[in-house]
Amino acid sequence: MLDLAQIYNGYYLEKSLLSVMPEAVLIVFAFLILLAGLFNNPSKNSVNSYYLALIGVAFSFLYLFMLSDHTIKGFYGSIVFDKFDVFLFTAILLSGFLTILMSKNYFDTRSVLIPEYYSLVLFSVSAMMLLVSSINLIMIFLSIEFMSICAYILTGYLKGESRSTEAAMKYFVLGTFASAFLLFGSVFIYAATGHLSLYKIHNFIFEQNYNAHYAYNLHTFLAIGLILLLVGLAFKMSLFPFHAWTPDSYDGAPTPVTNLMATGIKIAAFGVFIRVFTSIYSFNVFNFYNILWILAILTMTFGNFAALLQTDLKRLIAYSSIAQAGYILIGVIAGGYYGISGTLFYLLAYVFMTAGAFAIIIMFENLNLASVNIKSYSGLGYKYPLAGAAFSFFLLSLAGIPVTAGFMGKFFVFSAAIKSGYYWLVVIALLNSAFAAYYYIKIIVKMYMSDNNNNGGQLNLSNGRNSIIINAVNTNKDSQSYADNGSGKTALTEAVSLKSAAPALIIAIIICLIFTLILGIFPQPVISFASRSVTSLWSI
Amino acid sequence: MNSKDLIVWLIPFFPLLGAILLGVFGKYLKNYSGYLGSVFIVISFILSTVIFFTVAYGHSFTSTLYSWIDASYFKVNVSTTVDRLSVIMLVMVTGISSLVHIYSIGYMKDDKGFARYFSYLNLFVFSMIMLIMANNFLLLYVFWEAVGFCSYILIGFWYEKKSASNAGKKAFIVNRIGDFGFALGVMLIFVNMGTLSYSSVFSGIHLLPPYLITTIALLLFAGAVGKSAQFPLHVWLPDAMEGPTPVSALIHAATMVTAGVYLIARCHIIFSYSPDASNVVLIIGGTTAFIAAFIAMTQFDIKRIIAYSTISQLGYMFMAVGIGSYAAGIFHLVSHAIFKGLLFLTAGSVMHGMSGELDLRKMGGLYSKMKKTAITFIVGGLALSGIPPFSGFFSKDAILASLFNKGDYFFWIIGELVAFMTAFYIFRLIFNVFFGESHADKNLHVHESPNVMTIPLIILACFAAVFGFIGMPPFDHSIFYNFINKDFANSFNFSPAVNNYPWYLLSTVSVIAGLSGIYAAYVFYIKKSFDLEMLKKRFKTVYALSFNKLYIDEIYDFAIVKPMKNFSVFLWRVVDSFVIDGAVNGIAQWISVTSSKVRKVQNGMLMSYIFTLSVGVIALLAYYFVR
Amino acid sequence: MEALFYIFSIIAIFSALMVILVKNPLTSALYIILCFFALAGFYILLNMQFLAAMQILVYAGAIIVLIVLVIMLLNLAKAKDTIRDFHQMAVGIIAVLLLFAEVILYLNAAGESKPTGIYTNAVINKIGNTQIIGQFLFTKYVFPFEVASILLLVAVIGAYIFAKK
Amino acid sequence: MNVNVNDYLAVASIIFCIGALGVLIRKNLITIFLSLELMFNAANLGFVAVSEYLNLMSGDIFVIFIMVVAAAEAAILLGIAIAFYREKGTINIDKANELRM
Amino acid sequence: MSIFLKYILSIIIFFPLLSALILVFVNKKAEGLLRNLATVLSLAEFAISLFLFIYFKSNTYEFQFIERFSWIREFGASYFLGIDGVSLFMILLTTLMTFVSLLSSYKYIKDHVKEFVILMLVLETFMLGTFASLDVLLFYLFWEFMLIPMYFIIGMWGSGRRIYSAVKFVLYTLAGSLIMLFGLITIFILHYNQTGNFTFNLLKLYNTNIPLTLQIVLFIAIFLGFAVKVPVFPFHTWLPDAHTEAPTAGSVILAGVLLKFGVYGFFRFAIPLMPEAALILTPIILVLAVISIIYGALVSIVQKDLKRLVAFSSVSHMGFIMLGLFAMTAVSVDGSVLQMINHGISTGALFLFVGMLYERRHTRLIADFGGLAKKAPIFAALFMIAVLSSVGLPGLNGFVGEFLILVGSFKQYTIFTIFATSGIIFAAVYLLWMFQRVMFQDITNQKNEDFKDMTLREIMTVLPLIFLMFFIGLYPDVFLSRINPTVVHFVNIIEHNKYAYNLIKAKMGLFNA
């Protein structure tokens, strides 16, 4: 029975509110952005809302930092704020932060509603955080829907681009379909255990495990419930065969949003899956691990196979993110202290490398240098050596080459899996990552080693044409001035590129670069952080 | 390091210094390089003589320069042992080298690679000296290969000529085949004895089981077969005549090719413990002697004839060491070195005078035009034919007598037969070149060689004439035997030519064989009593066999070289490119084909996405149902 | 009670089938309202009158009206959605039959479960189901409630953004 | 013969499956959404039945939230359908095939 | 000085990286400056690394110049550096070869000079790190990242099918090393299971007790990683492609240093970690090694492309090294290690010469050359020395190593050794034939008429290598005395395990025949 008195206990409420402070701040700022959008003139709007969003994320970080030592269960077990959250909140907020940094540049050239965009980003980030801190099926469902709805809207944000709308539509239909499964699964879990709270379900199963007279019907209900719940979660984690939305919606969405989906949503999905996993699946009821590792293998193999011949960069990264999900899942399956902390590490690493890659894609997209087709990247490595090097670095990190965060993540995850005895799983994963390297390297090949001697590709061609025109115009001038013209032209493009690559984007890239490197070289602080945060989970 | 050691190390040092100096600064030294190179060798020769007398009137001694390899239990020093065997070789090598160097100053005068030539030659002398003085098997092996290398670069000295560079390569590779055996022998010695130094090996060899000793001996002999151009690895030596003639004289007649004989003499203890191996040596030696002489009879290239003669004479030496008559072998080695060096140098002189002509069908009547050359050549020829009192008579006779005394009558007969053939072919050469009418190009200005060339010839001819007398009084009691046998005394198979038969009877047989050979040549080529063409037709097969060198090169080409090449191509094209790379690329191909199929799952149709998802759900549920 | 259960079941299943089988989306919408009514009937059977009312109000009253509005707005009523893709349909039906068979097989295997909670019919009736739900919504589930409100707001923003030209 | 929770769950499952079938075979976005609503409602029915039989309340509360979400999704659908219609002139999902492979 | 010596390994490892960083700030257009600076810096690096040689204590097998800092506490990984006699020379070889290859690429590399020199220096850091790490994870980090600069070097400055080769190189080696990673992690976990401590300290991992069956599986896994790098016979096909298409500097580094990692890995990791499995699998590996020797040699004979020929000769030479290592006697392992140095020098030099040929004539086909000795006597002489060193002519370096390997392996593996020894014949065949066709004979191709002899820079490039060829050939003791204690220790470990191995052998009934 409810203790109604407790509700009105100011201290309790305050504590409960504290537990959602980081999310609340974001939501407040989201509202602020919406409100500010009403009053300011449109030209200022975009700038204001951008800064407001950044400030919101900063405040959220601040609260997160302030609360980081606390473990607070708020609102009668709807939500919990613990060390696990701290880690994932950090990752999600970083993802949101980087997304916002990238967005400014991206949307400057496109006519869309800017304040709403930033508020939606903040909403979706807060939804992700809510999802991670949910310990109750109702909250899980609500947060997933909240997050998804934000994502649907953001995916379809590019008005007038049929690809964007199509992506939103596909995402919406599939997402809702998967949610229905999640819900139906919850029904069965509820029927089997009588609880919606993960803690209580955990306890129930824990008791039943030692109960000889475990009723068979509950057993069946639990099985069906667990499977359907897994379907719902697997969809968000984009595991094969529930991945189908991933490539299309990543492709159609505005690139910053793709980044948010690829990093934030994935982290949130894995975060909640780890919660559910450690509370429910970790008992390995009905040998549930079999399903999981089959899914892991299928996922990474499919992801890699599908990415192999991909020529569209965004889709390629979408498929690669499917494959990455497979690797991450291995860490979850490995379970335990090391498995989960490795997974967390991987997730954080994944944020930086993916966000970095997307930032560079956006940069090139904005410079109109490259579409997302790989072909247009040929020779870019020479033209923009630093950006090219950074992009290569991120791709290598995704491929799991050492000195990058990606390697360390894989290393932690695979070690944990071996420790738990999943030898074959690791071997398959390693083989997978070996052949996954091919398509990452393919991009690098395009950037640096294209057979096309004309380094700039199409761009250079047009340059060449221009200079021919100039030449034709200035026939009476001497060749020296023509040469000057030519070099002036290239210098001009360089200058333009530097100018239009906004500082925000460059900052985002630099952040990603630094962290990808640091996580790859000196992962000690982060892995300790992850290990500490894991302790607040159950059955660890 | 006392003075003896110092002298010992100075002997190889000067040629090495010469090689380096001439190699690096040859461009600036120009014509002086010849004199410089010769001076170094002469110094070496003088020092060798000093050492000769030191040893002759003292004891053999060992001198260590430094520890070369020291890998846990494998220790090898760079050190020398100078004993009677080595000093003889030393003096012989440095002496002939000096003469050849001096001769070369004239012979190579106008060559572009004058300095290079002397550099190589000095390097060769250095290697040869070290080969002789080495006191362990590894060092021996090292310089064994080093002389092979020098021979390679000297044969290919005129590298622009394809035949020359081919010949050099062939020499090196064929030698390597022999060295393959040699190396294995060295390893076998080491793994069984734990050491490679001569003294330890020789003193402990009898502790090994006989089959091992035989194996070791045979493997070492394989090296000797390669280096000394014995059948079946003799094929490189005739081709080696592509090199400058002084090189042929020095390396391919006097010194390097005799290293095989030296090796067996050096390892006489090992061979004396293994009668089987010794028999093999004997058989190979006999076969080679016969085959080479047989081939030599019909060749037209004067250098090749002398080369085959060298092979044949080396066969004699091997027969000698094969029956354990090491002293006789070494005796013949030295005397052969002198007269064969002489023959080559005179052949060189002929070539010099004939502007490089080698075909004896295009010569004739040169006696009048180049008297010094002709006379020295004839001296050499007589020595080779074993006509007393020239040196060849004494040394060859010693071998034949040993064979006879040992009871190897078969090989004695072969020896006598070869003696006949030898006399025949060398006088066929002499008669064709120096006598009869000239077949040379009329425009050719034939001239006698300069003094710098003829003086060495004369010196050598003198030696060829008188050297044999150190083999007097006959056999065991001779000066030479007394000197050398101190080294072979502990050989257990030691078989001196025992006076079971009056020596003069045997000698008479040999002399008759030689003289009849000369006579036969005289009948054929001076008197022309027989129609040669008819004889050729009559004995078509035999003639063809001889003329085509028993088709051995062709057999090798057909049986080894071509199959190996084809096999290599097979390995490359089929195994490497098709099978292995095919598998690798096949996997890649398979992956990309699979990938293109897998991609079709994502066909853009929402229907199929929903369907995929449902199938996933059903499969998961089914898994639990069938579980 | 059992009779009502079966009646409602038949109505619900029939109308659900009609929803997916009729060609006109407008008809589908009307059939789904029928289905919702049947479900509301179930809720009443299950002693949850408040939910039954909500079902009618929110689903039938709001959501479906919204849908009908869209249909009319886009003038889709005439756009016949003929199911020509028999291949697709056959595959779909087989898949769903499998799904259905599996679920039913599981259910058959299930037996009776024991009640664990305290909210028996008596308690609910005593307090009143609306009150209980209200109490819960504003106490224990106050946070999900708030989230749901924001969710709706976001949905509104979304609808606005999508629908805006 | 007593009606128990399994019967309710069976009905719910049937409706759920019909909904799923609808999603699978229909190509009209609106009809698909209606089918999705059927699936959601099946879950609702399940929750209500289970919480009744287990004497719990949380299931009922869940149902309310599901309704809210359904409403929100209806709003999104509205937006998407309009936007989609605007671009393609139809709401047949087969016309959405730009994004593929 | 003492602090310098204390951290000398770190200094050596990261000095090139620092140099690369400095070069980042040099203007791209100042190509001459970039080249000179890079060369000077790499020379300085070589000079620093010589301190290792000077202060190296030669009478002990213990690791020296140890540096150790905690790195990832959770997994017991540490920044743990140290060298013994083997790694000492590998490091020296690396610094030398990097200098040489930078010096060699003045003319070869025409565009993107800045990127090139930076990549070379980065590569050097990682190679050095690999040789110096005693922590398995650290080792792996260096090991695998090494691929990337090499990949760029092949892919960006290569010729012909460079992309194919580069990608093949990366994928081949990556697949191998990932499987190896699996093995390493498994050992790490096993050690944890046995002791309850996570550690990547190699010296501690040596004590891990691995069950035999697992040992064999793991050995095979790790074998794959290293065997690809060596490369051993069926895993070699990346090498001809990579060698052939890489720029000269790349080939030099590839042959000179990168191939050594495989053998080094066996020496440092695979064998000591799993001695029993190593002993059991030795016959198979030796068969592969001998096949490599003969196969590489035979295939070399018929190659038409110079670089491809040298590449296949590498396969053959590396077969010798594998034979020596797996014969596991002190002498053969000594020989192996020495031969690693030798092969680096000789084959590196060969690639330099081939590179010079290519620079002048823009072709690598043997048939396009001929008679060059006349035009370029210095070139011919030095090239010949390199060829002979590769042939294994006594007096030059190749001989000492090869002979030690053969004599060391002879007793135990007589048949293998005899077959391997036949490789020395083939070596003479393919190399001398090649030399003949390129340098000797008459000039048939008019383009060779104006073939230029070596410039002073080119002579300076190869001179250190030529010097070393003679030095090692004539006085290998400088090297052997430092290598030997380490090797003896290594062999003792194996001997120690042989007892256990024999027991197992009896138990399993292996090789009963």
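All values below come from the heavy atoms of this structure, side chains included, with hydrogens, waters and symmetry mates left out. Just so it is clear: chains get the letters A, B, ... in the order the sequence lines come, proteins before strands, and each one is counted from 1.
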Exercise for the section: State, yes or no, whether a side-chain contact exists between A/Phe31 and C/Leu153 at a heavy-atom distance under 4.5 Å. Expected result: yes
Working to the nearest 0.5 angstrom, can you tell me the gap between [X] [atom1] and [Y] [atom2]?
| X | Y | atom1 | atom2 | answer |
| --- | --- | --- | --- | --- |
| C/Leu151 | A/Ile149 | CG | CD1 | 4.5 Å |
| C/Glu146 | A/Ile27 | CD | CD1 | 9.5 Å |
| A/Asn136 | C/Tyr141 | CG | OH | 5.5 Å |
| A/Ile153 | C/Phe162 | CD1 | CZ | 6.5 Å |

Fill in the blank from the handout: Taking a cut-off of under 4.5 angstrom between non-hydrogen atoms, the residues of residues 34-42 of chain C near chain A are none
Sequence neighbours left out, cut at 3.5 Å: what donor-acceptor pairs do the side chains of residues 178-192 of chain A make with other protein atoms?
| unit_1 | atom_1 | unit_2 | atom_2 | d |
| --- | --- | --- | --- | --- |
| A/Ser179 | OG | A/Glu145 | OE2 | 2.3 |
| A/Ser179 | OG | A/Gly175 | O | 3.0 |
| A/Ser186 | OG | A/Leu182 | O | 2.8 |
| A/Tyr190 | OH | D/Ser58 | OG | 3.1 |
| A/Tyr190 | OH | D/Gly59 | N | 2.9 |

Checking heavy atoms, do the side chain of [X], its backbone, both or neither come under 4.5 Å from chain C?
| X | value |
| --- | --- |
| A/Phe141 | neither |
| A/Phe146 | both |
| A/Leu130 | side chain |
| A/Ala168 | side chain |

Completion exercise
Residue pairs meeting salt bridge (Lys or Arg N to Asp or Glu O under 4.0 Å), one or both in residues 168-192 of chain A, sequence neighbours left out, come to A/Glu166-A/Lys170, A/Lys170-A/Asp248
Handout entry: Leading residue by heavy atom contact count with chain C [cutoff under 4.5 Å; candidates A/Leu113, A/Leu154, A/Thr165]
Key = A/Leu113
Problem - Contacts of C/Leu152 that satisfy side-chain contact (heavy atoms from CB on, under 4.5 Å) - sequence neighbours left out - result: D/Val68, D/Ala71, D/Ala72
Completion exercise
Counting heavy-atom pairs under 4.5 Å with chain A, the top scorer among C/Ile150, C/Ile157, C/Val142 is C/Ile150
Completion exercise
Nearest heavy-atom contact between C/Pro144 and A/Leu142 is O-CD1, 3.3 Å
Completion exercise
Nearest heavy-atom approach of A/Ser78 to C/Lys140 is OG-O, 3.6 Å
